[in-house]
Number of protein chains: 2
Amino acid sequence: MVYQEPAQLDRLFHALSDPTRRAMLKALTEDEQKIGDLARPFAMSFAAASKHVRVLESAGLVRRRIEGRAHVCRIESEPLAAIEEWLAFYARFWSRRLDTLEALLQAAPDPTLPATEEKS
Amino acid sequence: MVYQEPAQLDRLFHALSDPTRRAMLKALTEDEQKIGDLARPFAMSFAAASKHVRVLESAGLVRRRIEGRAHVCRIESEPLAAIEEWLAFYARFWSRRLDTLEALLQAAPDPTLPATEEKS
DNA sequence: TTCTTGGTAAACCATATGGTTTAATAGCGC
DNA sequence: GCGCTATTAAACCATATGGTTTACCAAGAA
């Protein structure tokens, strides 16, 4: 069960409602990034970017590891499964979905993870 | 293409980040509801509920039809497909997903819609 | 030790959000 | 028209959000 209490969904959706944060998340799919790396692309102060990271962190979407003076961030996409789950309930209310999802299933048996339990 | 400009995703995620609004959305899966119906379950003023509906509406998740003095709301779940699409990119980064999705695909060939184009 | 770098903390600011209450508007029943 | 019902509008309030700036602290480099 990926069930998350409502507050967790709140934080999750809220974290994703900002384009900067979504961009950061995307950047993190490339590789781990230091806070500074994450901040650089954006026209905002370092401190602001740092706050964004914290929001992502508190939504569980980012994990932070401190290495010396650098804070290294890693995407933690597990929480997104909670959204998927939430979405599932509504899936039957739109049509295009089946095509989309099916494509997904075909598409990408995770190339990055060590092929965990992929549909056995 | 369900592509939505970033601002649309912003509005979408933001609309969903509030538990009241998610509850309203869920209520709307049962049937169409007047604003008053939507408001009733919540410990808040009518006006407050009305504002929530507007947020859902501006995210495209609810459509409003005026019938006499009543405003009748209907869920518009199409925009959720945009989230699904956004999520798709990250899907490969978590594992449990495949099981979940597959279950979904089996589960519910939409019982409410007139069997549109279901995977031909 | 001193300087620079990577980052947080704190104070502050403008605007957004979620709520209230009190009008005001429009449609139905009488 | 008169009053009740369904809803919005407007004014207001407290708190949250997204940003800034300035200080501060820890870790490498010189």
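Below, chains carry the letters A, B, ... as their sequence lines are ordered, and counting in each starts from 1.
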* Between the side-chain atoms of A:Arg69 and the base atoms of D:dA27, is any donor-acceptor pair under 3.5 Å? ->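 Result: at least one qualifying N/O pair found.
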
Side-chain-base donor-acceptor pair under 3.5 Å for A:Lys34 and C:dG7 |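 When only heavy-atom distances are counted, A:Lys34 does not reach the base of C:dG7 through any donor-acceptor pair under 3.5 Å.
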
Between [X] ([atom1]) and [N] ([atom2]), how many Å, whole number?
X	N	atom1	atom2	answer
A:Ile66	D:dC25	CD1	P	17 Å
A:Phe46	D:dG19	CZ	P	15 Å
A:Glu67	D:dA27	CD	P	13 Å
B:Arg54	C:dT17	CZ	C1'	15 Å
B:Phe13	D:dT17	CZ	P	17 Å
B:Arg11	D:dT17	CZ	P	20 Å
A:Ile35	C:dT5	CD1	C1'	14 Å
A:Arg65	D:dA27	CZ	P	16 Å

Q. Are A:Ser45 and D:dG19 close enough that a side-chain N or O sits under 4.0 Å from OP1 or OP2?
A.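 Answer is no, no contact under 4.0 Å.
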
Considering only side-chain heavy atoms of [X], which listed nucleotide, [options], is closest?
X	options	value
A:Asp18	D:dA6, D:dG18, C:dA9	D:dG18
A:Met44	D:dT7, D:dT20, C:dG18	D:dT20
B:Arg21	C:dT20, C:dA9, C:dG18	C:dG18
A:Lys51	C:dG19, D:dT21, D:dG18	D:dG18
A:His14	D:dA6, D:dT17, C:dT21	D:dT17
A:Ala70	C:dG7, C:dT20, C:dA9	C:dG7

Donor-acceptor check, side chain of [X] to backbone of [Y], threshold 3.5 angstrom: yes or no?
X	Y	result
A:Arg21	A:Leu16	no
A:Arg63	A:Gly60	no
A:Gln33	A:Ala27	yes
B:Ser77	B:Leu80	no

* Are B:Glu76 and A:Phe93 close enough that some pair of their side-chain heavy atoms sits under 4.5 Å apart? ->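 A side-chain contact is absent here, since even the closest heavy-atom pair is not under 4.5 Å.
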
Exercise. Between B:Asp37 and A:His52, who's closer to the 5' end of DNA chain D by nearest nucleotide?
Worked result: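 By nearest-heavy-atom nucleotide position, the 5'-most residue is B:Asp37.
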
